[in-house]
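Residue numbering restarts at 1 for every chain, and letters A, B, ... go by the order of the sequence lines. Side chains are part of it too, since the values below use all heavy atoms of this structure and drop only hydrogens, waters and symmetry mates.
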There are 2 protein chains.
Amino acid sequence: MAEAPRLTESAGAVFAVLAQAGRATRPQLASLAGLSKPTVSAAVAELEGAGLATHSGTASGGTGRSAAVYGLGPASGSVLAVDLGPARTRVRGCALDGTLLAEADTPRTRAADAVREALAALPAGAPLRAIVVAIGDVSAPDLAGTGMRPATAKAGPVFDAVSVALPPGVPVHLENNVNCAALAELHEGAARGRRTFGYLRIGVGVGLGIVIGGQVLRGANGAAGELARLPYPWDDDREPRQEALEAYVGSQALLRRAAEAWRETDGPCPRTAERLFALAAEGREPARSLVARHAADVGRLAAAVTAVLDPGLIVLGGSTGADPQLLSGVRTELGRLSWPTEVVSSQIGDLGTVVGAARLAVAKGVQNVTEGAQVKD
Amino acid sequence: MAEAPRLTESAGAVFAVLAQAGRATRPQLASLAGLSKPTVSAAVAELEGAGLATHSGTASGGTGRSAAVYGLGPASGSVLAVDLGPARTRVRGCALDGTLLAEADTPRTRAADAVREALAALPAGAPLRAIVVAIGDVSAPDLAGTGMRPATAKAGPVFDAVSVALPPGVPVHLENNVNCAALAELHEGAARGRRTFGYLRIGVGVGLGIVIGGQVLRGANGAAGELARLPYPWDDDREPRQEALEAYVGSQALLRRAAEAWRETDGPCPRTAERLFALAAEGREPARSLVARHAADVGRLAAAVTAVLDPGLIVLGGSTGADPQLLSGVRTELGRLSWPTEVVSSQIGDLGTVVGAARLAVAKGVQNVTEGAQVKD
DNA sequence: TGGACTTCGTTAGGAAGTTAACTAACGAAG
DNA sequence: CTTCGTTAGTTAACTTCCTAACGAAGTCCA
């Protein structure tokens, strides 16, 4: 790769806000970046020269002279987001303004194919600036040196399988899938406009994505939000066991309790959480009481989060957590136990993880441009 | 008050690092503030003119020309820290470099006297730039408008009693006492050099001060770290009750359990937690097993914190929590349940709260100088 | 069609800070 | 006592960005 033409500080700032806005006029860029008009003019000229911005039409704002509109140029390049989900692998390629450029979706086993497919669909001439891989595991610094690796064996093999398909020389960032989904809620979901909130995901397992001041909180071991480790059961005369909480509040446990509670007269016992919730929505017993009970359990989980963080907002997500049937039960239990805290359902479904990973990748990619060099971490 | 002579940005930056360092030469200021020598020279001249800095001797660094040393000037003023503790009220007046200028300590009932005493001992000519009041309560914005007030009735009356003694026109900041103690550990205690940790205080009640990236985390309601609201008891067949945890793990509960476990042959039953710990230190039963049990309980509390935050370090404080006898038991239980997390005992005793409040007040005071105006929040 | 008005973008002058080079002051070695 | 190396502080030229003012290019309205 040729000499990276280092940008001046103001040009970097303008590029960052241009990427965020997608397309903008010079006066808009000036106000967004907090710079003066002459400085923005100079910066735009610089970006245009480097191919990082292009003139893309004009905008007439009713009265007055019409302004030139700028968008990202071809040299700005793209980023890649990979969600190594439990069942499917989802890949997205995006421009630095967040535009979707390529998409792929395969079964987990064909993860590398999905990556190759998406890479092939990206524009060839421009640089790939960052890769974010979302995994259902805590990640740790790679012992070898530069990169990151999943901390446990859980996500290791799939990650390795995908790694071989990734182009060399591009910074790869590992991120927890719940954290990614939280970012998706922050940017285009139920937590838009917030600076601090918790994204509580309830499905087969439980997890929490913490956003404080617009930033994901990762923790010293990248394990912040790993609620499965909350002490449970916990009472004067009971010893907590490791990971017992997940076995209790996860969807497996929900189905197990359904099997126990179900009578012959209740009809066929549901095999999936979705089916159980559907029956509950029809008001059928014992589905309804099981779901109500589940809501109280989730409310307690939320109370544990609130007791520590007091985030002000909790977004419920995940295969069982996102169901609006839970909302009132969760709110009641949380209100009973803890601080006034808003509770809403996720607005983004299964795609949350890729979407959030793409947001993160875009942010890394923009950093890569504005800081001129490879971005570490 | 006369026209506040607004400082230039660089002079403000230099003042901030000078306050932090206490005394420094111009080259030191340049490197600390990240400014060039000429700029620092200009800034120092500006500060000296405003009385915010004074020449205070020279430092010869072995070889080469000896540099002029500067310290804070008389116009830099002072700040006040007030700890409204459950038994005693502690007040400290400090210069903006942290130097202790005045100190007072009275029973809780004579809080206003302590404030007046300390105020009288502060230099008269210079402005009082900030007041921080530490209380054992969550604080909320004052309904009247500008200030803050304790959120519940718990600390309200004492706060009002102190308020009348505070000079008008000085920004008052309320802060939770546990958060203050956490700041003390951060700056001059067991968490020195850390950026993120949790300060777990166990005494009559339980509380957690959270420091992330050197900043105290307050939460949406100022209630972050109010662990008393953790769901407890919690099991498949048990309903959590509000505030039940504090009644269980607080020192009252410890003494209640001691009374239950004590036999005639064990000698006199201890009336205070200190006495119980002393007996345990001698290896006497049942004190030893009660303390061991308490350690496991604290470990579970720590595990709840770790599951949410993964802070990497937990500092144990408070009347029972700070006892080193707990350490190994807490570490064992925490290690069993959660992530690798360092656990150490507090290095600062009862003074932690005032010391931390003073740190906070100094920070506010420096902001007050560099930003020229009243600092809100 | 031609002001009147509004907004865009550029030009000119100034404020603030940086680098580079120079002078000033101090200690130690000859 | 001089000389040399080292560090402090100043001066000068240059960079970057801002404010202010002006010319350019639109819309609105008679």
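- Between B/Ala68 and B/His55 the shortest heavy-atom distance is CB-CE1, 3.3 Å.
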Task: Pair pattern of DNA chain C in dot-bracket, where unpaired bases get dots and | marks partners in another strand, Watson-Crick or G-U under 3.5 angstrom - done: |||||||.||||||||||||||||||||||

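- B/Ala33 is linked by a side chain to side chain contact (heavy atoms under 4.5 Å, CB included) to B/Val17, B/Leu35, counting only residues two or more places apart in sequence or in another chain.
- No contact: A/Thr25 has no heavy atom under 4.0 Å from any strand.
- Residue-level contact check: B/Ser36 touches the bases, meaning some heavy atom is under 4.0 Å from a base atom.
- Here the CG atom belonging to B/Leu29 is positioned 12.5 Å from the OG1 atom belonging to B/Thr39, to the nearest 0.5 angstrom.
- Contact check for A/Phe15 versus A/Leu96: side-chain heavy atoms found under the 4.5 Å cut-off.
- Once rounded to the nearest 0.5 Å, the distance linking CD of B/Glu103 with CG of B/Leu351 reads 6.5 Å.
- In this structure, B/Ala68 reaches the sugar-phosphate backbone alone: every heavy-atom distance under 4.0 Å involves primed, P, OP1 or OP2 atoms, never a base.
- B/Ser10 comes within 4.0 angstrom of sugar-phosphate atoms only, judged by non-hydrogen atoms across all strands, and of no base.
- Between B/Ser66 and A/Gly34, the one whose closest nucleotide on DNA chain D sits nearer the 5' end is B/Ser66.
- With sequence neighbours excluded, the residues that form a side chain to side chain contact (heavy atoms under 4.5 Å, CB included) with A/Ala59 are A/Thr25, A/Val69.
- Taking atom NE2 on B/His55 and atom C1' on D/dG9, their separation rounds to 13 Å, with Å as the unit.
- Taken from CG in B/Leu166 to CG in B/Leu119, the straight-line distance is 7.5 Å, to the nearest 0.5 Å.
- To the nearest 0.5 Å, atom OG of residue B/Ser78 and atom CD1 of residue B/Ile131 are 9.5 Å apart.
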Protein and nucleotides 27-30 of chain D: nitrogen or oxygen contacts under 3.5 angstrom:
from   : atom 1 : to      : atom 2 : distance (Å)
D/dT27 : O3'    : A/Gly62 : O      : 3.0

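- Smallest separation of non-hydrogen atoms from B/Thr54 and B/Pro74: CG2-CD, 3.9 Å.
- An OP1 or OP2 oxygen of D/dC18 is reached within less than 4.0 angstrom by a side-chain nitrogen or oxygen of A/Thr39.
- For A/Glu175, the salt bridge (charged side-chain N to carboxylate O under 4.0 Å, His left out) criterion is met by A/Arg218, not counting sequence neighbours.
- Dashed line: the shortest gap from a side-chain N or O of B/Arg26 to OP1 or OP2 of D/dG9 is under 4.0 Å.
- A/Arg194 has no carboxylate O lying under 4.0 Å from a charged side-chain N of A/Glu185, or vice versa, which leaves the two without a salt bridge.
- Along DNA chain C, the stretch of nucleotides lying under 4.0 Å from any heavy atom of chain A spans, 5' to 3', C/dT6 to C/dT11.
- Taking the side chain of A/Pro38 as heavy atoms from C-beta on, and the options D/dT19, D/dG26, D/dT10, the nearest nucleotide is D/dT19.
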